[in-house]
Each structure stands twice: as C-alpha cells, then as structure tokens.
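Everything on this sheet refers to the single structure shown next.
The chain is numbered in sequence order, starting from 1.
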Amino acid sequence: MNVLKKGTGGWKKVVSAFGEDILLDNGEVDRAKLGQIVFSDPGKRQLLNRLLAPFISRGILMEVLKLWMKGYSIIVLDVPLLFEAKMDKWTKPIVVVWVDPETQLQRLMTRDGSMEEEAKSRINAQISLDLKRSKADIVIDNTGTLEALHEEFQKVLIQITKPLTWTELMLSRKGAFLALFSIFVGVAICQKSS
C-alpha cells in the first residue's frame, strides 16, 4: 500500500499542502525531502499525519478484510506508528521489536546514510521504543545478530499460532462464522415453533 503514489488521494493532499518542491522529476514524492521537512518541524509532521491517516487506515482495513475473507488466520501489520496512529486498539497481540537507543541510532544512520542529528530527529518524532515495549503483548529483542532475531521471531510465531481460548475464538473469523451460524439456527428454530 503506497498512499503517496503519484495521482492517489494521499499524493494530492500532500502535494497541495507541501508544494511541488517535494516531487521528483517523475512526479513521485521525494520521501527523503519530505522526511527532512516533517522530522524537523513537529507542526508539519502533525499535518502530514492528519492528511494521510484516513488513506492509511482505509488501505489497511481493506487489505485486512481481503485477507480475512480469503481465510488467513494470522495477519501481520507492520505499522511503525501503531501507537501514534491509535491503531493499537484494533490489533492483537501487539508485537514490538525492541532495540536499545544507541543501537537504534546507529542502525538508522547506517540504513539511511543520515547524519546523527537527522537520525535523532526521526527517532524523537516517535514514541520511544521503551514506551512501546511497555505497551506490547510480546517483545522481540533485536539487540543481537540477525540469526538471534530470527530465533526470537520463530518463538513468537509459535506463541501466536497456538490454539485459541474460547474468548479469542469468539473474536476470530472462525468465531464470527460460528456465531452467524448459531444465529441462523436460532432463527430457523424460532420460525418452526411459531
């Protein structure tokens, strides 16, 4: 899902608010330039979030519904701003991949090729990983190697694919179908006895 793809509603809103200076030669949004603007100005970051939130939420909801209807029992949402967008109330369990602040800074600078000050601005624009960790149902420690991360992920995968409790079942797709079937049976029995 790309809410900033050229010609989309999100693209139109962002270009209208931030001007054509944020566009590349091909008309696509220059994400690096937009990032520099919004991560250095909290007001502009809030504006961008307000402009894109409806498009992001709608897109995520549509993708989840498509996958749910296809019968997927586990749907993973990778939402870096899950808590900031208040989407945490719609997801269960919440898994946070945690790393210490120093490692987070170094990895961000390496990934983006950014200077320390720019990387710190990006990190400070989000809720801290420590606070996210405190709100999580499951925490994956990412301070080690890639192999260690893979092992941690495998443990979490086993944990989230275990059989559901009755409450979890009733809140799941299978539970929704079971409830719908029960309603139809109940209506049919009531109609026969009338």
I need the Glu118 CD to Leu108 CG distance, nearest 0.5 Å.
8.5 Å
If I compare all heavy atoms of Leu131 with all of Ser134, which pair ends up nearest, and what's the gap?
O-OG, 2.6 Å
Please round to the nearest 0.5 Å and tell me the distance separating atom CG of Leu65 and atom CE of Met62.
6.0 Å
Would you give the length of the straight line joining atom CG of Leu51 to atom CH2 of Trp11, rounded to the nearest 0.5 angstrom?
14.0 Å
Is the backbone of Val3 close enough, under 3.5 Å, to the side chain of Thr8 for a donor and an acceptor to pair up by distance?
yes
Give a yes or no answer on whether the side chain of Thr145 reaches the backbone of Ala148 with a donor-acceptor pair at less than 3.5 Å.
yes
Could you give all pairs that pass the salt bridge (Lys or Arg N to Asp or Glu O under 4.0 Å) test and reach residues 20-46, with sequence neighbours left out?
none
State yes or no: do Val14 and Leu47 share one hydrophobic cluster built from I, L, V, M, F, W and Y residues joined by side-chain heavy-atom distances below 4.5 Å, directly or via other members?
yes
Minimum side-chain heavy-atom gap Ile94-Val96 below 4.5 Å:
yes
Flag for Ser121-Asn124: side-chain donor and acceptor within less than 3.5 Å:
no
May I ask you to decide if Lys12's main-chain N or O and Ser16's side chain share a donor-acceptor pair within less than 3.5 Å?
no
Using side-chain heavy atoms (C-beta onward) and a distance below 4.5 Å, is Gln104 in contact with Leu129?
yes
Are Ile123 and Phe39 linked, directly or through intermediate hydrophobic residues, by side-chain heavy-atom contacts shorter than 4.5 Å (ILVMFWY only)?
no
Which heavy atom of Leu23 sits nearest to which heavy atom of Val15, and what is that distance?
CD2-CG2, 3.7 Å
If you define the side chain from C-beta out and look only at heavy atoms, does anything of His150 sit under 4.5 Å from Gln154?
yes
Tell me whether Glu84 contacts the main-chain N or O of Gln126 through its side chain, where contact means a donor paired with an acceptor under 3.5 Å.
no
Kindly work out whether a path of hydrophobic side-chain contacts (I/L/V/M/F/W/Y, heavy atoms less than 4.5 Å apart) joins Met109 to Val99.
no
Short side-chain donor-acceptor distance under 3.5 Å, Trp98 and Asp130
yes
Glu116 and Lys120 ion-paired at < 4.0 Å:
yes
Inter-residue atom distance Ile60.CD1 - Ile75.CD1, 0.5 Å rounding:
12.0 Å
Could Asp137 and Lys92 be called an ion pair, given the rule that one side-chain N must be under 4.0 Å from one carboxylate O?
yes
How long is the span from the CG atom in Asp100 to the OG1 atom in Thr103, to the nearest 0.5 Å?
3.0 Å
Given side chain to side chain contact (heavy atoms under 4.5 Å, CB included), test Val29 with Leu24 step by step and report yes or no.
CA-CA 6 Å; Val29 172; Leu24 297 167; over 6 Å; no
Would the distance check show the side chain of Ser57 and the main-chain N or O of Pro54 forming a donor-acceptor pair, the cut-off being under 3.5 Å?
no
Salt bridge check: are Lys66 and Glu63 linked by an N-O gap of less than 4.0 Å?
yes
Taking the side chain as everything from C-beta on, heavy atoms only, tell me whether Leu4 gets closer than 4.5 Å to Leu52.
yes
Considering only heavy atoms from C-beta outward, does the side chain of Val95 approach that of Ile140 to under 4.5 Å?
yes
Distance-minimising heavy-atom pair for Leu105 and Ala119:
CD1-CB, 3.6 Å
Heavy-atom pair with the smallest gap, counting every atom of Ile127 and Lys132
O-CE, 3.4 Å
The reported gap from NZ in Lys13 to CG in Leu48 (rounded to nearest 0.5 angstrom) is 13.0 Å
Is there a path of hydrophobic side-chain contacts, each under 4.5 Å between heavy atoms, that joins Ile74 and Phe153?
yes
Taking everything shown except Glu117 itself, do over 12 heavy atoms lie less than 6.0 Å from its CD?
no
Is there a continuous path of hydrophobic side-chain contacts, each under 4.5 Å between heavy atoms, that joins Val97 to Ile138?
yes
Minimum heavy-atom distance between Lys6 and Asn26, given as atom pair plus value
NZ-O, 3.3 Å
